[in-house]
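The next block holds one structure in the form of structure tokens; read it before the comments.
FYI, the numbering just counts along the sequence from 1.
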Amino acid sequence: MASQEESVREFVAVTDVDEERARFFLESAGWNLQLALASFFEDGADEDIVTLPQPEIGSSVSRSAGPSAQPRVTSFRDMMHDAEEESDEEEGQ
């Protein structure tokens with residue numbers, strides 16, 4: 001059975017995270033390296049998600065905000081729906 005330090009080194013080598021984060025996943029998985037790696041790749045790699053900044057109010061970018069001036073959150077479903085609408089418009093031309 002591998003020691004905890006060996007498990008940390010292996011986890012870091014596979015995931016390229018720092019040792020503190022590796023220890024977190026390994027401790028959470030009871031020092032089971034395979035379980036810790038599975039947990040990392042299922043849930044822990046979410047730091048790669050990038051959030052784009054919203055344009056400032058009063059900037060030169062104009063957009064139709066609809067009935068409210070609040071920024072609209074767009075989901076994948078909204079994007080697919082918009083793509084379907086565009087496809088329907090193209091078919092009518």
Side-chain angles (χ1 to χ4, degrees):
M1 182 173 178
S3 74
Q4 291 180 353
E5 289 304 314
E6 288 174 359
S7 294
V8 169
R9 283 193 295 271
E10 287 184 52
F11 192 95
V12 169
V14 171
T15 61
D16 197 32
V17 297
D18 59 38
E19 287 188 9
E20 182 179 344
R21 191 153 183 224
R23 286 183 192 281
F24 168 79
F25 280 97
L26 285 162
E27 287 174 359
S28 298
W31 293 95
N32 179 322
L33 179 61
Q34 296 301 317
L35 184 59
L37 288 169
S39 178
F40 173 81
F41 286 113
E42 286 178 10
D43 302 321
D46 289 343
E47 286 187 354
D48 296 336
I49 296 174
V50 176
T51 303
L52 298 175
Q54 294 292 324
E56 295 179 24
I57 296 176
S59 67
S60 62
V61 177
S62 70
R63 55 183 167 150
S64 60
S68 69
Q70 297 293 325
R72 182 170 178 240
V73 175
T74 302
S75 68
F76 183 70
R77 183 182 304 160
D78 293 336
M79 292 170 46
M80 293 303 296
H81 181 70
D82 291 345
E84 288 174 4
E85 286 179 356
E86 290 176 9
S87 176
D88 291 344
E89 290 174 5
E90 291 174 2
E91 288 176 10
Q93 292 181 356

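Nearest heavy atoms, A29 versus A36: CB-N, 3.6 Å. In terms of heavy-atom proximity, L33 sits nearest to S7 at CD1-O, 3.8 Å. Contact between V17 and A22 at its shortest, heavy atoms only, is CG2-N, 4.1 Å.
Screening W31, F25, F24 for a side chain to side chain contact (heavy atoms under 4.5 Å, CB included) with E27, the sole residue that qualifies is W31.
Residues F41 and F11 share a hydrophobic cluster, clusters being chains of Ile/Leu/Val/Met/Phe/Trp/Tyr side chains in contact below 4.5 Å. Cluster annotation: V14 is connected to F40 through the hydrophobic network of ILVMFWY side chains, with a link wherever side-chain heavy atoms come within less than 4.5 Å.
Separating the CD atom in Q34 from the CD atom in E10 is a distance of 8.5 Å, to the nearest 0.5 Å. Taking CG from L26 and CD from E19, the interatomic distance works out to 10.5 Å, rounded to the nearest 0.5 Å.
Heavy-atom contacts from other residues, nucleotides or ligands closer than 6.0 Å to CG of D18 number more than 12.
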